[in-house]
Colleague: 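Below are the structure tokens for one structure; questions will follow.
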Number of protein chains: 2
Amino acid sequence: MKVPNEELQRRLRRLREELSAAGIKQTHQRLEIFREVAGSGDHPCAETVYRGVRRRVPSISLDTVYRTLWLLLDLGLVGTLGRSRDRTRFDADTRPHHHFVCSRCGMTMDFYSEEFDGLGLPGGAGEIGSARRARVEIEGICADCARSDRKERRRKDE
Amino acid sequence: MKVPNEELQRRLRRLREELSAAGIKQTHQRLEIFREVAGSGDHPCAETVYRGVRRRVPSISLDTVYRTLWLLLDLGLVGTLGRSRDRTRFDADTRPHHHFVCSRCGMTMDFYSEEFDGLGLPGGAGEIGSARRARVEIEGICADCARSDRKERRRKDE
DNA sequence: GTCTAGTTTAGTTATCGTTCTTATTTAGGA
DNA sequence: TCCTAAATAAGAACGATAACTAAACTAGAC
């Protein structure tokens, strides 16, 4: 799976824009690391990116790859699959269920929905495979955080 | 967040059933570790479970907690949040998108669906918070694996 | 109740992904 | 071109997790 060149160029242009907007230096390493991720239609891990970039920049260090990937994540230029930088969390609820994650406080809450359980691949993506079970993660602001936000705002307005 | 006692008892009963069905001994430690996870409506990490169990079984070792949690996972008595035991994977596609994960080969494929992007909390769970964005992960068998499964079955039938 | 195989503990060590430290290099502005 | 803050390379360090040991323990079969 390769990203078409046109799309890759678009992404590289965006990288340059975002870096200068944020006042961050455009180094050879950063460019090549991003090119590696942005050019693979896949979901590479840091090690894979490292091996790929090393073919073009043999002196690159794994540390630089990690630092750069987290930088790109902060800038919103890449994302991660699943929760990153978190230890494994266990869940004794084995019924099919879904999660709501508060993007403010990080709290994860379960909820149930048979409709969500049975979601299948949408038309056009059906040829990828056959669905067995769906898990939905909704990101948003939990009621508690929304409350304290409102309180905070009221305090400021006075 | 605490699990109601009735539900906890149901889960403990299931633990006993599954352990004897699998011919695995029912030890005090296993019971207490499971009770800790099953009794917390939360999503504790191994360390949290360890601290909780240690209050009741002070001699417990962290090693036993890990061994038992993975055992419970293998038995399907607990699950994990997100991909466990996997390194962080990066994704240069910053458009909203969803994933199809093949439970046979582990391959993760992207797909797009504006309908999925906009999923909100279902009725009855709306008071949890306000949704901002949804991510759907569909688990199933990819077309490639389905093909080789069929081939395998044909070979056996001959 | 006895036996035994499976389990736990404690302690040590290994591994793996990731991060830190420090000396060196470099991008980009003056 | 020169300067300096920022970035890098190398390898040591780190934290979570896993493996291994030997000795003690115990659940469940007989």
Side-chain angles (χ1 to χ4, degrees), chain A residues 12 15-37 43-75 77-78 80-90, chain B residues 12 15-37 43-75 77-78 80-90:
Chain A
L12 286 167
L15 170 74
R16 291 200 199 85
E17 284 166 22
E18 295 278 349
L19 287 182
S20 39
I24 292 174
K25 289 185 182 168
Q26 311 201 11
T27 66
H28 182 44
Q29 289 87 335
R30 280 178 182 152
L31 190 75
E32 292 303 327
I33 289 166
F34 182 73
R35 189 202 299 283
E36 191 68 28
V37 185
H43 308 96
C45 61
E47 189 70 32
T48 306
V49 173
Y50 175 54
R51 277 201 298 274
V53 173
R54 209 160 41 163
R55 287 205 301 268
R56 278 169 282 129
V57 190
S59 71
I60 197 92
S61 77
L62 182 58
D63 181 46
T64 300
V65 172
Y66 272 107
R67 243 182 312 102
T68 304
L69 287 172
W70 298 133
L71 173 77
L72 295 171
L73 185 68
D74 286 346
L75 292 172
L77 289 160
V78 303
T80 61
L81 249 53
R83 353 223 89 274
S84 57
R85 285 197 261 203
D86 197 14
R87 57 182 76 175
T88 310
R89 289 173 173 283
F90 296 86
Chain B
L12 286 168
L15 171 74
R16 291 200 200 88
E17 284 166 21
E18 295 278 347
L19 286 183
S20 38
I24 292 173
K25 288 190 178 160
Q26 311 197 14
T27 67
H28 182 48
Q29 290 85 339
R30 281 182 183 147
L31 190 75
E32 291 303 328
I33 289 167
F34 183 74
R35 189 203 298 284
E36 191 66 28
V37 185
H43 307 95
C45 61
E47 189 68 32
T48 307
V49 173
Y50 175 54
R51 276 200 299 273
V53 173
R54 210 160 41 163
R55 286 204 301 266
R56 278 170 281 130
V57 190
S59 72
I60 197 93
S61 75
L62 181 59
D63 189 31
T64 300
V65 172
Y66 273 110
R67 246 182 310 103
T68 304
L69 287 172
W70 297 134
L71 174 76
L72 295 172
L73 185 68
D74 286 347
L75 292 172
L77 288 160
V78 303
T80 60
L81 247 55
R83 359 218 88 275
S84 60
R85 283 198 264 203
D86 197 15
R87 54 185 77 177
T88 311
R89 289 174 172 283
F90 296 86

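To find a chain, count down the sequence lines: A is the first, B the second, and so on, and within it residues start at 1. On a predicted model such as this, the values are computed, not experimentally measured, just so you know. Just so you know, these numbers use all the heavy atoms, side chains as well, and skip hydrogens, waters and symmetry mates.
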Colleague: Mapping A/A46 and B/T27 to their closest nucleotides on DNA chain C, which lands nearer the 5' end?
Modeller: B/T27
Colleague: Measure across A/I33 and A/T64 and return the closest heavy-atom pair with its distance rounded to 0.1 Å.
Modeller: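 Residues A/I33 and A/T64, closest heavy atoms: CD1-O, 3.9 Å.
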Colleague: Take the protein atom CG of A/L19 and the nucleotide atom P of C/dG29, then report the distance between them rounded to whole Å.
Modeller: 13 Å
Colleague: Taking OP1 and OP2 of C/dT19, is either one under 4.0 Å from a side-chain nitrogen or oxygen of A/W70?
Modeller: yes
Colleague: Could you state the atom-to-atom distance from CG of A/D74 to C1' of D/dA7 in whole Å?
Modeller: 16 Å
Colleague: Is there a donor-acceptor pair under 3.5 Å between the side chain of A/R87 and the backbone N or O of B/A46?
Modeller: no
Colleague: Starting at atom CD1 of B/I60, determine the distance to atom C1' of D/dC25, rounded to an integer number of angstrom.
Modeller: 14 Å
Colleague: May I ask you to verify if any side-chain N or O of A/Q29 is less than 4.0 angstrom from the OP1 or OP2 atom of D/dA9?
Modeller: yes
Colleague: Nearest whole Å is fine: how far is D/dA16 P from B/L62 CG?
Modeller: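 That distance rounds to 10 Å.
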Colleague: Would you compute the distance between atom NE2 of B/H28 and atom CZ of B/R35 and round it to the nearest 0.5 angstrom?
Modeller: 9.0 Å
Colleague: B/R30 side chain: which of C/dG28, D/dA9, C/dT7 is closest?
Modeller: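 The answer is C/dT7.
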Colleague: Phosphate oxygens OP1/OP2 of C/dT18: is one of them under 4.0 Å from a side-chain N or O of A/Y66?
Modeller: yes
Colleague: Counting only side-chain N and O atoms of A/S59, is one of them less than 4.0 Å from OP1 or OP2 of D/dA9?
Modeller: yes
Colleague: Could you state the CG-P distance from B/L15 to D/dA27, rounded to the nearest angstrom?
Modeller: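 In whole Å, D/dA27 P and B/L15 CG are 14 Å from each other.
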Colleague: Report yes if a side-chain nitrogen or oxygen of A/R67 is closer than 4.0 Å to either non-bridging phosphate oxygen (OP1 or OP2) of D/dA7; otherwise report no.
Modeller: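 Negative; the distance criterion is not met.
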Colleague: So does A/H43 get a backbone contact from the side chain of B/R89, meaning a donor-acceptor N/O pair under 3.5 Å?
Modeller: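 Side chain of B/R89 to backbone of A/H43, a donor-acceptor pair under 3.5 Å: yes, one is there.
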Colleague: Just compare C/dT7, C/dT19, D/dA7 and give me whichever is closest to any side-chain atom of A/I24.
Modeller: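 Nearest listed nucleotide: D/dA7.
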Colleague: OP1 or OP2 of C/dA10 versus the side-chain N and O atoms of B/S61: is any pair under 4.0 Å?
Modeller: no
Colleague: Calculate the interatomic distance between A/Q26 atom CD and D/dA7 atom P; express it in whole Å.
Modeller: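 One finds 12 Å between P of D/dA7 and CD of A/Q26, rounded.
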Colleague: Please report, rounded to the nearest Å, how far the C1' atom of D/dA27 is from the CG atom of B/L31.
Modeller: 13 Å
Colleague: Can you tell me whether the side chain of A/D63 and the base of D/dA10 have a donor-acceptor pair closer than 3.5 Å?
Modeller: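 Between D/dA10 and A/D63, which were checked side chain against base, a qualifying N/O pair under 3.5 Å is present.
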Colleague: Atom CZ of A/R87 and atom C1' of C/dT18: how far apart are they, to the nearest Å?
Modeller: 14 Å
Colleague: Compare the minimum distances between each of C/dG28, D/dA27, D/dA9 and the side chain of B/K25, then state the nucleotide with the smallest one.
Modeller: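 The nucleotide sitting nearest to the side chain is D/dA27.
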Colleague: Would you mind reporting whether A/F34 and A/V78 have side-chain heavy atoms less than 4.5 Å apart?
Modeller: yes
Colleague: At less than 4.0 Å, is any side-chain N or O atom of A/T64 found next to OP1 or OP2 of D/dA9? Yes or no.
Modeller: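 So the side chain of A/T64 is within the cut-off, an N or O lying under 4.0 Å from OP1 or OP2 of D/dA9.
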